[in-house]
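Read the structure below first, then the notes.
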Amino acid sequence: MDDLDLAEGEENTWPEITENMQSVLRNEEAAAYETVCRNVDLTRATTVLVYLRESAMAPALKESLKARGGSSREVVLGGGGGGAAAAAAAAAAAAAVDVKGASVLVLLPDTKGGGSVMEAPAVEALIAAAAEGGGLRHVVYLSSLGSEKALFQFSFDSMSGVLEKKKAVEQSIKRLSKSLGYNFSIIRVGSLGPVKSGEEALNLSPGDPFNGGATNYATAAQAVVQSIALPMALNASFSVINGKGTSPPTDAGWRDSMLKLVGPEVLRLSFKETDVLGMRMSLRAWALQYMEGERRLTTKVFAVRTPLGAKIYFLPTMQSLGPGFREEKAIEKARMKGEAILGGQKPTRPILEGGLEVCVEEVTEAGKEGDKRVRVRRIAMEEGTVVKAMSERELLDSLKAEIESTEKSAKSGRRVGGGTPPV
């Protein structure tokens, strides 16, 4: 790369990569371009807010969208009783409501109490009705903490079946996004309520990692707005709760927190003693040791340098071959049109097996000293890619040790950037 910004003394050569490695890079780039093409700020579009009976969030959410130049309206579904008959009636009612013309569909939790929740059949009918005109671009669903692991925890919501119902809704939204062509954001929140003094800080994490917590209405509403505005939240599931702190998050704070959703992010560490270029040099040298065989993993890898650090890819095997990216798109279009698909296609590319990107960066705010940090995110992931948890953990442990060693060297005045010899 021409813009690597190499540190003084850093080697400007890197081992050549094979055609197999090149094909991984090409297909990752093609998939990334497809995602970029879908990244559109929809806060100025028409948003329809849907809930069963009452939502204390709706007023704040409408004001936030209005402040950004968007328009919104509310749809009250009603119902929410239990039983198969009630669920069927709710689905029929959902299909009849006016959600046409919606670019964004936001499904809000009921804040009136009573345990009523939207169920999957009603949500599917709503989405189908909104998608009829072809204008539906984004579905945002406010779910609950614990929904992802609904069958493996004990709580009032899990015993009452609420979490299972919400998990079913999440699955329906993801499944329909593939056939109807919209993006989705699933936001898992804690116990909803008004703002509590001293508990206004933002805690955001990919997936469903929090065991509990509370989310105030303002934070939940902003999570929806930021999901509509920022590309990082496209086709992502994440959790949001409030923590100790008196300052609610700014737009910049939301943007930085939502960076965690890209990949997703698996590690974020700050450093102080080393300068940014020195840390990049050290971590590139560390990655090079895997490229040259000085360090080894169970899974074969290759590495490339990037302007912010390095990328380490898990190498596909011959058993991991699949159709090329363009062929996949053609197959999907044919399937959607109901056209016949010829079988026995010759594999043309390795399926992406995943990897990690190491980014060394300095984040500055006006009037403040920059925060130097290392962020690590997953890369080269696609549907069907299995996370190589053991190899990933080995890499992260090794990376932490390299960062610690580099910091100690910088603190003692020794030169950094050579990469710590493997033990």
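The minimum heavy-atom distance linking Ile241 with Gly212 is given by the pair CD1-O, 3.9 Å. Closest non-hydrogen pair, Ala130 versus Val99, comes out as N-CG2, 3.5 Å. Ala131 approaches Leu180 most closely through the heavy-atom pair CB-CD1, 4.1 Å. Between Ser64 and Val225 the shortest heavy-atom distance is CB-CG2, 3.6 Å.
Partners of Arg44 according to the side-chain hydrogen bond (donor to acceptor under 3.5 Å, both in side chains) rule, which considers only residues two or more places apart in sequence or in another chain, do not exist here. With sequence neighbours excluded, no residue forms a salt bridge (Lys or Arg N to Asp or Glu O under 4.0 Å) with Lys260. Qualifying salt bridge (Lys or Arg N to Asp or Glu O under 4.0 Å) partners for Arg73, counting only residues two or more places apart in sequence or in other chains: none. In terms of the ring pair (Phe, Tyr, Trp, His ring centres under 6.0 Å) criterion, Phe184 has no residue partners (sequence neighbours excluded). In this structure, the salt bridge (Lys or Arg N to Asp or Glu O under 4.0 Å) partners of Arg175, at least two apart in sequence or on a different chain, are Glu124. Phe314 pairs by the ring pair (Phe, Tyr, Trp, His ring centres under 6.0 Å) definition with nothing, not counting sequence neighbours. Residues forming a salt bridge (Lys or Arg N to Asp or Glu O under 4.0 Å) with Arg393 (at least two apart in sequence, or on another chain): Asp397. Here Ser205 pairs with nothing under the side-chain hydrogen bond (donor to acceptor under 3.5 Å, both in side chains) rule; sequence neighbours left out. In this structure, the side-chain hydrogen bond (donor to acceptor under 3.5 Å, both in side chains) partners of Glu357, at least two apart in sequence or on a different chain, are Arg377. Residues meeting the ring pair (Phe, Tyr, Trp, His ring centres under 6.0 Å) test with Tyr290, sequence neighbours left out: Trp286.
With contacts defined as side-chain heavy-atom distances shorter than 4.5 Å, the pair Met57/Tyr217 qualifies. Annotation: side chain of Val50 is in contact with side chain of Leu126 (closest heavy-atom distance under 4.5 Å). For the pair Val360/Phe271, a side-chain contact is recorded, criterion being any heavy-atom separation below 4.5 Å from C-beta on. With a 4.5 Å cut-off on side-chain heavy atoms, Leu267 and Leu399 count as touching. A 4.5 Å side-chain heavy-atom check between Arg188 and Phe238 finds every atom pair outside the cut-off. At a threshold of 4.5 Å between non-hydrogen side-chain atoms, the residues Val304 and Phe302 count as touching.
A donor-acceptor contact closer than 3.5 angstrom is absent between the side chains of Thr215 and Asn242. Ser237 and Glu170 share no donor-acceptor pair across their side chains, judged by distance under 3.5 Å alone. In summary, the side chains of Ser282 and Glu402 do present a donor paired with an acceptor at a separation below 3.5 Å, with no hydrogens or angles considered. At a cut-off of 3.5 Å, with distance as the only test, no side-chain donor of Thr246 or Glu200 sits close to an acceptor on the other residue. In the model, Ser185 has a side-chain atom that pairs as donor or acceptor with a side-chain atom of His138 under 3.5 Å. For the 3.5 Å distance criterion, the side chains of Ser72 and Lys62 fail to qualify, holding no donor opposite an acceptor.
Side-chain N or O atoms of Arg284 include one that pairs as donor or acceptor with a backbone N or O of Gly309 at under 3.5 Å. A distance-only check finds a donor-acceptor pair linking the side chain of Tyr182 to the backbone of Ile173 [under 3.5 Å]. Counting only distance, with no hydrogens or angles, the side chain of Ser172 and the backbone of Ala168 share a donor-acceptor pair below 3.5 Å. For Asp208 (side chain) and Glu148 (main-chain N/O), a donor-acceptor pair under 3.5 Å exists by modelled atom type. Counting only distance, with no hydrogens or angles, the side chain of Glu119 and the backbone of Lys165 share no donor-acceptor pair below 3.5 Å.
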Decide salt bridge (Lys or Arg N to Asp or Glu O under 4.0 Å) for Lys400 and Glu404; before the verdict, give the C-alpha distance in whole Å, the side-chain angles of both, and the deciding distance to 0.1 Å. CA-CA 6 Å; Lys400 290 177 192 175; Glu404 184 179 353; over 6 Å; no
Would you check, one step at a time, whether the test salt bridge (Lys or Arg N to Asp or Glu O under 4.0 Å) holds for Asp251 with Arg68? CA-CA 12 Å; Asp251 279 353; Arg68 290 173 177 255; 3.3 Å; yes
Kindly indicate, with the supporting measurements, whether the criterion side chain to side chain contact (heavy atoms under 4.5 Å, CB included) is fulfilled by Ile187 and Ser227. CA-CA 9 Å; Ile187 307 168; Ser227 294; 3.5 Å; yes
Glu132 and Lys100: side chain to side chain contact (heavy atoms under 4.5 Å, CB included), yes or no, with the steps? CA-CA 7 Å; Glu132 269 187 22; Lys100 292 180 181 177; 3.3 Å; yes
Test salt bridge (Lys or Arg N to Asp or Glu O under 4.0 Å) on Arg373 and Asp256 and set out the steps. CA-CA 12 Å; Arg373 67 189 185 188; Asp256 189 58; 2.6 Å; yes
Quick one: do Thr385 and Glu353 satisfy side chain to side chain donor-acceptor pair (under 3.5 Å)? Show the steps, please. CA-CA 6 Å; Thr385 301; Glu353 292 288 329; over 6 Å; no
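Taking the charged nitrogens against the carboxylate oxygens, Glu362 and Lys372 have no contact shorter than 4.0 Å, which rules out a salt bridge. Under a 4.0 Å N-O distance rule, the pair Lys272/Glu407 does not qualify as a salt bridge.
Contacts classified as ring-ring contact (aromatic ring centres under 6.0 Å, His included) and involving residues 371-393 (residues at least two apart or in different chains) are not found.
Annotation: the span from Leu42 atom CG to Leu230 atom CG amounts to 11.5 Å, rounded to 0.5 Å.
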For residues 190-199, please give each side-chain donor-acceptor pair under 3.5 Å, one per line with the distance, not counting sequence neighbours.
none

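No more than 12 heavy atoms of other residues, nucleotides or ligands shown are found within 6.0 angstrom of CZ on Arg296.
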